[in-house]
Amino acid sequence: MHFDAFDRYHDKESFLHRLDPRVKVLVTVIFIVSNALLPDGAWFAFGFAWLFLLLCNLLSKLGYAYSLKRSIIALPFALIAITVLFSIPGKPLSSFHFLGITFTITDAGLLRFVSILIRSWLSVQMAILLVAVTRFPDLIHALEHLRVPAILTTIIAFLYRYLFVLTDEVFRLLRARESRSGAVTGSKRRLERVERSGRGVLWRAKIAGNMAGQLFLRSYERSDRIYNAMLARGYAGRLYTLNPHEMKSVDYYATAFAIAVIFLMQWIGRF
Amino acid sequence: MPVTHVTNQFAAPECGGDVLVVNDLRFSYPDGHSALNGVSLKLCEGDKVALVGPNGAGKSTLMLHLNGILNGQGDVEIAGMRLSRENLPVIRALVGLVFQNPDDQLFSPTVFEDVAFGPLHMGLPEAEVRSRVDAALEAVRMSAYRDRLSHHLSVGEKKRIAIATVLSMQPSLLVLDEPSAGLDPRARRTLINLLRDLPITMLVSTHDMKLVQELFPRTVVMDEGRVVADGLTSEILEDEPLLNAHGLEKP
Amino acid sequence: MPVTHVTNQFAAPECGGDVLVVNDLRFSYPDGHSALNGVSLKLCEGDKVALVGPNGAGKSTLMLHLNGILNGQGDVEIAGMRLSRENLPVIRALVGLVFQNPDDQLFSPTVFEDVAFGPLHMGLPEAEVRSRVDAALEAVRMSAYRDRLSHHLSVGEKKRIAIATVLSMQPSLLVLDEPSAGLDPRARRTLINLLRDLPITMLVSTHDMKLVQELFPRTVVMDEGRVVADGLTSEILEDEPLLNAHGLEKP
Amino acid sequence: MFYSPAPLHIPDGFLSLLVSLVCWVVTALTLGAAISRTNKSLGERQIPLMGVMAAFIFAAQMINFPVAGGTSGHLLGGALAAIVLGPWAGMLVMTAVIAVQALLFQDGGLLVMGANILNMGLVTAAIGYGLFRSVSGSSKTVKLGVAGVAAWLSVMAGALLTSLQLWLSGTSQLGIVIPAMLGVHALIGLGEALITVSALAFILQTRPDLLGEGSESAKAGKGWILAGGLISLFVVFLSPFASADPDGLERVAENLGFIGAGQSAPFEIIPDYTLPFLGETALSTIVAGAIGIAVVAVISLLVGRGMKARS
Ligand SMILES: Nc1ncnc2c1ncn2[C@@H]1O[C@H](COP(=O)(O)OP(=O)(O)OP(=O)(O)O)[C@@H](O)[C@H]1O
Ligand SMILES: Nc1ncnc2c1ncn2[C@@H]1O[C@H](COP(=O)(O)OP(=O)(O)OP(=O)(O)O)[C@@H](O)[C@H]1O
Ligand SMILES: [Mg+2]
Ligand SMILES: [Mg+2]
């Protein structure tokens, strides 16, 4: 079993792939901050931001709609924001009845709702692109360079490494449970009953809890073995790494260019 | 690497009531890798069959189809019942699947709870559950371990408990994935004797050719998602070209 | 279960410069279980020695003593140096310990980082680290995997990288815990060839008696925390009573 | 089946810059304390332990159990992590989990990560550890019962904080978001409580030594009990009040100065066309100009560095 489905990195030769990971992280964060700063209804700026995204997509050689296709992930959360449609005072656009309450959509509400969605959608796309063109270990290096505390980046590195091992374990546990979730041979009616109950919810929750406990113990004991393996190779409480990255001229130019573009975007959004 | 596919070169033993019929089963994993490319297989009441083949041949994938955890194209029939959405729970009670790593199979704190999981989930009354657990533990000769913590057992003991967890469901077909992996010689010997004594139809995947030779009258060889040979173990183990072509070794 | 302890029945081969000397080593785990009850052992430059014995014999416990991860009573000497708190870092660089499960050994995200871990923690300069990594990967024939992610490798590949992670420390003694467990015949064959070609002293624990026969001129048998036999593999494998008494089997 | 985003992970764009930054500051300060504490009190063994435990929490979140009608319950893990690892380590572990979920799966945003860590990692850990610790000497039944309550409350606290942040950002209306979020999470919290309790029961049965009174000293324990208790009280009293009388909460917020009096809606915290905080003054224009100059300076600096680096 492989949980390579977790790997969002796409192996390609492109300008963005070669760029220093620090640059990519920095630009992504600035882009997302800039989106948050853009006022509601700054359509030109939103459009400009999207063009910038499009350019990045093209530079990544992943196809111009790569990030677009994967960006639906934030949509479910939009439900949370739907209330602004009705709650902001403004010119009524349309209204409907639901559960005996009248909801009125206002123009100001619609403007705000759409703006929130666009901001989120632009930000998510940039983050998608970031992990598609940066291998996760490089991302961790970038965080180290950007002064994220070492203890956190180390935990994240271990998390990434054992994510695959442990999710595989969970998956096999779930499979074993599934394969023993049988019912007695009998009439159709009996079957339906079993499918509905399969013992009570409490019992099922307890089984899930047992699996979590089992997984905890195994993880705990594994960490012991890993610690031994680290000791055996000279670990004495401090971790050392080689610096695999060096900023080249392209990296500086790219950062400068991106910051200029994002600043321009802010200017367009405001004036 | 070029592999010659020798099909039905060996006569499979005759049989009447089929416990398992697999017909032209095909399956691709979500990532597009096609793991089964038309597998056909029949098992009769009382058959003990070894399933061998190199890593990635599709043995585990096939086994996961036998109680509907994976769903490929083609037919799977258990005890005359076609596997489908509706009778999935019944089929799961009929097919006892034991995975390679007993740690995955044993998720409850005590041995008793683990062996009782299947019967409880089937909705059996308490007295019946208890008697089934006792019988299953008796069958693997682990009655004394009833109240022990699964976590603290040795690999060989865990293996036997894992088998008890499906025996308690009184399956018609026992499917074991690499049961002897990681056992020391003594534990392996205990397991072999246990499997020999269990009066139940079984399909066992393994890399352990000595185990095949000792225990199974019939062997099925898989490679690249196909059955490439199916017949008497004695004949197959003598067929050096076949073994070499599929990354196997004579015991 | 009663076990007869046959010590020094076999003449260990003569040798001059000892790489490893273990003298009357005793160790109990914190829970009181005494895992080593006076183990004595000598390894010479270039020796390739198999360490066999049933589950729980104390093989892994002994191995954890060889570079001071565990500390029992008695002496351990590596290349003439007594193991003590002060020279622990030096000893750890001299003894390359490879654990059974490569997933425990490969804890870094990429292959390169893992192989570089040892040399980096020895405090070597960057250029030296890089050249050692390259040499180690070359030795296990995995140079092409330098920048791969560890979790994408197959078990056999992981195993070889795990060996590279200690080779990069240029140890005087390689200690491997069950290197062939879980490998299919082809991957196992690759590993055997690799171990045969490595020009380095090694102590290898295993349940795989065929591996012992093929690869190791000398075998040490442990049971219940003691060395119960130590001598030529060819002689030990012929001694049926010895093998039976300690849960072993002829290959 | 592979990975299901939980409703508490806020994506980028849904919180205003100000709220995001305030949450980041709170989170960063707490994490700073956590880091200095773990560095001081815990041995070198702790690094691989916390790393693998983070992977454990991540994987454990995938263990589900069928409830009814195709829905299933699963784990968030903040309370469990803090109970088994201690509060500071639990917080760091949850931070790593949330960071990886955001970085690798875009489940939760980057700018709002501070808020997400606060809601799902810090508050949950404080409640979980604080309440569990308060019954450290008691019987197994009491311990498990309290752990269950703590797990449920930790989810409710996360939901409440999320709602408040959304409201302060002008993304949701208070009167709707609080009852909706709390209603849904009252159920999700039950699943959390059930799994947490049975996982702890499993550990108590098999390796009770791991749940020993931990490395925290008795004095530090008192602090946690206090913190966990206070947050819990806050949740218990604020939730019904906010659900029943959102206008009341808004009035309280106004009086406390969170929202400028007279504002019709909180979304004007970041008014259009001017810089945040400063208003439409000459000062605002000057500062805007200064920022422009600073940006140009940064860009020139980068180009200069690029010329020097010579790839
Ligand atoms: N979850 C998965 N996603 C994609 N491919 C998979 C998955 N699981 C298995 N495969 C692939 O399907 C093929 C068959 O795998 P399977 O596990 O059935 O082989 P096997 O015969 O059991 O091998 P082994 O002897 O190693 O257990 C292999 O090529 C494997 O890489
Ligand atoms: N952490 C531990 N705490 C207590 N007892 C332990 C611990 N680890 C091992 N033991 C016990 O010490 C004894 C020796 O264990 P060890 O792992 O060295 O055996 P082994 O020869 O390596 O066995 P195997 O072939 O199964 O790997 C066993 O009885 C085992 O149960
Ligand atoms: Mg398999
Ligand atoms: Mg061992």
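So you know, we letter chains A, B, ... as the sequences are listed, proteins then strands, and number each from 1. Just so you know, these numbers use all the heavy atoms, side chains as well, and skip hydrogens, waters and symmetry mates.
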If I measure from the heavy atoms of chain D, does A:Met247 come under 4.5 Å with its side chain, its backbone, both, or neither? backbone
Please check if the side chain of A:Ser249 supplies one atom and the backbone of D:Gly306 the other of a donor-acceptor pair under 3.5 Å. yes
Which heavy atom in D:Gly13 sits nearest to a heavy atom in A:Ile116, and how many Å separate them? O-CG2, 3.7 Å
Is chain D contacted by the side chain of A:Asn210, its backbone, both, or neither, given a heavy-atom distance below 4.5 Å? both
Can a donor-acceptor pair be found between the side chains of D:Arg305 and A:Thr255 at a distance below 3.5 Å? no
Under a 4.5 Å cut-off applied to non-hydrogen side-chain atoms, are A:Asn35 and D:Leu111 in contact? no
Measure across D:Ile63 and A:Ala208 and return the closest heavy-atom pair with its distance rounded to 0.1 Å. CG2-O, 3.8 Å
Value for CD1 (D:Ile57) from OG (A:Ser219), rounded to nearest 0.5 Å, stands at 9.0 Å
A:Gln125 versus chain D, the contacting section by heavy-atom distance below 4.5 Å: neither
Does any backbone or side-chain atom of D:Leu166 lie under 4.5 Å from a heavy atom of chain A? Answer side chain, backbone, both or neither. side chain
Closest contact, heavy atoms only, A:Gly209 versus D:Ser198: CA-OG, 3.3 Å
If one checks every heavy atom of D:Val112 against chain A at 4.5 Å, the contacting part turns out to be neither
Compare all side-chain heavy atoms of A:Thr28 with those of D:Leu110 and state whether any distance is below 4.5 angstrom. yes
A:Leu174, part contacting chain D, at a heavy-atom distance under 4.5 Å: side chain
D:Ala199 to A:Gly213 - nearest heavy-atom pair and separation: CB-N, 3.9 Å
Can any side-chain N or O of A:Arg112 pair as donor or acceptor with the backbone N or O of D:Gly170 at less than 3.5 Å? yes
Ranked by heavy-atom pairs below 4.5 Å to chain D, first place among A:Arg177, A:Arg161, A:Arg218 goes to A:Arg177
If one checks every heavy atom of A:Leu231 against chain D at 4.5 Å, the contacting part turns out to be side chain
Report the option among A:Val25, A:Asp224, A:Leu143, A:Leu202 that has the most heavy-atom pairs separated by less than 4.5 Å from atoms of chain D. A:Asp224
Which bit of A:Val170 comes within less than 4.5 Å of chain D, counting heavy atoms only: side chain, backbone, both or neither? side chain
Contact origin within D:Val197 toward chain A - heavy atom pairs under 4.5 Å: neither
Decide yes or no for D:Leu210 and A:Tyr220: does some side-chain heavy atom of the first lie under 4.5 Å from some side-chain heavy atom of the second? yes
Heavy-atom cut-off 4.5 Å, strictly under: side chain, backbone, both or neither for A:Leu117 against chain D? side chain
I want to check something: taking the side chain as every heavy atom from C-beta on, are A:Phe216 and D:Ile203 in contact at a cut-off of under 4.5 Å? yes
Between OG1 of D:Thr95 and CD1 of A:Ile156, what distance do you get to the nearest 0.5 Å? 8.5 Å
Side chain, backbone, both or neither: which part of A:Ile118 has an atom under 4.5 Å from a heavy atom of chain D? neither
For the residue pair D:Arg45 and A:Met230, establish whether any side-chain heavy-atom pair is separated by less than 4.5 Å. no
For a 4.5 angstrom cut-off between non-hydrogen side-chain atoms, does A:Phe263 reach D:Ile299? no
Chain D heavy atoms under 4.5 Å from A:Glu246: which part of the residue, side chain, backbone, both or neither? neither
Side-chain contact test, heavy atoms from C-beta onward, threshold under 4.5 Å: evaluate it for D:Val100 versus A:Phe136 and give yes or no. yes
Determine whether D:Asp12 and A:Met126 make a side-chain contact, defined as any pair of heavy atoms from C-beta on separated by less than 4.5 Å. no
Choice from A:Ala132, A:Ala212, A:Ser123 maximising heavy atom contacts with chain D below 4.5 Å: A:Ala212
Please find the pair of heavy atoms, one from A:Ala36 and one from D:Leu17, that lie closest to each other, and give the distance. CB-CD1, 4.2 Å
Closest contact, heavy atoms only, D:Ala96 versus A:Ile155: CB-CG2, 3.5 Å
As a test of understanding, state which of A:Leu163, A:Leu166, A:Leu217, A:Leu159 forms a side chain to side chain contact (heavy atoms under 4.5 Å, CB included) with D:Phe56. A:Leu166
Let's test your reading of the structure: which of A:Ala42, A:Ser223, A:Pro149 forms the most heavy-atom pairs below 4.5 Å with chain D? A:Ser223
